[in-house]
Amino acid sequence: MNTPADDPFASLRELLALAQTGLAFTSDVFDRERYTRLRELVEGMLRAPSDPTFDAVTLLGLDKGYATPKVDVRGAAFRDGRILMVRERSDGLWTLPGGWCDVNVSPSESVVKEIREESGFEARAVKLAALLDRRKHPHPTQFHHVYKLYFLCELTGGHAQPSIETDAVDFFAEDALPPLSSQRITPGQIELMFRHERQRGLPTTFD
């Protein structure tokens, strides 16, 4: 990952995110103790920074105060007029490669990483095609407020390879799509990606 050299809190922010994510997903009592202790250690370091002008209360309160949307990235990559899709192990349905953005990783870096991890292909992001508010599209109801970033991507190498999250990888024509994972993608969003692929000069679609 590429982190700005002048960001003094990048490592601590990443450690805090690892602790928070671990606490959110683990059910093991010993792992919860470890993640809780990791969070305590990071917060302790943030309370005693070398910069005396640093406002520790403000930083520590960010994830407890003003709530912000979560960010999901999806990559649309094409081969011979067909779009790359992966089948999720969790529901047996198909979607564009993607997932939550990681701390200290930019959106374009995140989508490239997700394509590699979920499909086995190497890629590069070439255009932000859409920035969508999940609530305004026909997805099933979800608690979190989510912004979805769709990138047009070009494949640069690799080969189809399932992962711990996906059990199949394939390319599909616009008129022959597989059953879609509606939590992650909608037919209208797939259609939008084909439109942006055919007309690269289209402006970014938003909302």
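Just so it is clear, the model here is predicted, and its values are computed rather than measured.
- The backbone N or O of Val105 lies less than 3.5 Å from no partner atom in the side chain of Asp102, so there is not a single donor-acceptor pair.
- One N or O on the side chain of Glu118 and one on the backbone of Gly98 form a donor-acceptor pair closer than 3.5 Å.
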Identify every side-chain donor-acceptor pair in residues 81-90 under 3.5 Å, counting partners at least two apart or on other chains, and give the distances.
{"unit_1": "Arg82", "atom_1": "NH1", "unit_2": "Phe171", "atom_2": "O", "d": "3.3"}
{"unit_1": "Arg87", "atom_1": "NE", "unit_2": "Asp167", "atom_2": "OD1", "d": "2.8"}
{"unit_1": "Arg89", "atom_1": "NE", "unit_2": "Ser163", "atom_2": "O", "d": "2.8"}
{"unit_1": "Arg89", "atom_1": "NE", "unit_2": "Ile164", "atom_2": "O", "d": "3.4"}
{"unit_1": "Arg89", "atom_1": "NE", "unit_2": "Thr166", "atom_2": "O", "d": "3.3"}
{"unit_1": "Arg89", "atom_1": "NH2", "unit_2": "Ser163", "atom_2": "O", "d": "3.0"}
{"unit_1": "Arg89", "atom_1": "NH2", "unit_2": "Thr166", "atom_2": "O", "d": "3.3"}
{"unit_1": "Ser90", "atom_1": "OG", "unit_2": "Arg184", "atom_2": "NH2", "d": "3.1"}

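- In this structure, Gln161 and Val169 have side chains that are not in contact, with every pair of non-hydrogen atoms separated by 4.5 Å or more.
- In terms of heavy-atom proximity, Ala17 sits nearest to Val103 at CB-CG2, 3.3 Å.
- Atom CE of residue Met193 and atom CD of residue Gln189 lie 7.5 Å apart, to the nearest 0.5 angstrom.
- Across all their heavy atoms, Cys101 and Pro107 have their closest contact at SG-CA, 4.1 Å.
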Next on the checklist: Arg34 vs Thr26, test: side-chain contact (heavy atoms from CB on, under 4.5 Å). Steps then yes/no.
Outcome noted: CA-CA 11 Å; Arg34 296 184 186 100; Thr26 187; over 6 Å; no
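- Two residues are said to be in side-chain contact when any heavy atoms from C-beta on lie closer than 4.5 Å; Leu149 and Val111 fail this criterion.
- Hydrophobic clustering of Ile, Leu, Val, Met, Phe, Trp and Tyr side chains at less than 4.5 Å, counting indirect connections, keeps Leu93 apart from Leu177.
- Every side-chain contact (heavy atoms from CB on, under 4.5 Å) that Glu191 has, sequence neighbours left out, goes to Glu174, Arg195.
- A salt bridge does not link Asp72 to Arg134: none of the charged side-chain nitrogens sits closer than 4.0 Å to a carboxylate oxygen.
- Across Leu155 and Ala77, no two heavy atoms sit closer than the pair CD2-CB, 3.6 Å.
- When all heavy atoms are compared, the tightest approach of Val112 to Arg124 is CG2-CA, 4.0 Å.
- In this structure, Ile185 and Trp94 have side chains that are not in contact, with every pair of non-hydrogen atoms separated by 4.5 Å or more.
- Within the 4.5 Å cutoff, the side chain of Lys148 has heavy atoms near those of the His139 side chain.
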Next on the checklist: Would Glu109 and Lys113 count as a salt bridge (Lys or Arg N to Asp or Glu O under 4.0 Å) here? Give the steps.
Outcome noted: CA-CA 6 Å; Glu109 292 169 342; Lys113 179 175 73 71; over 6 Å; no
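- In terms of the side-chain contact (heavy atoms from CB on, under 4.5 Å) criterion, residue partners of Thr204 (sequence neighbours excluded) are, by chain and number, Leu128.
- Counting only distance, with no hydrogens or angles, the side chain of His196 and the backbone of Gly201 share no donor-acceptor pair below 3.5 Å.
- Applying the salt bridge (Lys or Arg N to Asp or Glu O under 4.0 Å) rule to Lys127 yields no partners; only residues at least two apart in sequence or on another chain are considered.
- With sequence neighbours left out, Phe25 forms a side-chain contact (heavy atoms from CB on, under 4.5 Å) with Thr21.
- Looking at Ser106, Ser110, Pro97 one by one, the single match for side-chain contact (heavy atoms from CB on, under 4.5 Å) with Val73 turns out to be Ser110.
- Note that OG1 of Thr36 and CG of Leu23 are 4.5 Å apart. Values are rounded to the nearest 0.5 Å.
- Within the model, atoms CZ of Phe206 and CG of Leu132 stand 10.5 Å from one another, a figure rounded to the nearest 0.5 Å.
- Between Ala123 and Cys153, the shortest heavy-atom contact is CB-CB, 4.3 Å.
- Distance CG/Asp207 to CG/Leu131: 8.0 Å, rounded to 0.5 Å.
- Counting only heavy atoms from C-beta outward, the side chains of Leu192 and Tyr150 never approach each other to under 4.5 Å.
- Of all the heavy atoms in Ala125 and Phe151, the pair that sits closest is CB-CD2, 4.0 Å.
- For Glu122, the side chain to side chain donor-acceptor pair (under 3.5 Å) partners are Arg116, not counting sequence neighbours.
- A salt bridge links Glu43 with Arg39: the distance from a Lys NZ or Arg NE/NH1/NH2 to an Asp or Glu carboxylate oxygen falls below 4.0 Å.
- Arg200 CZ to Leu152 CG: the interatomic distance, rounded to the nearest 0.5 Å, is 5.0 Å.
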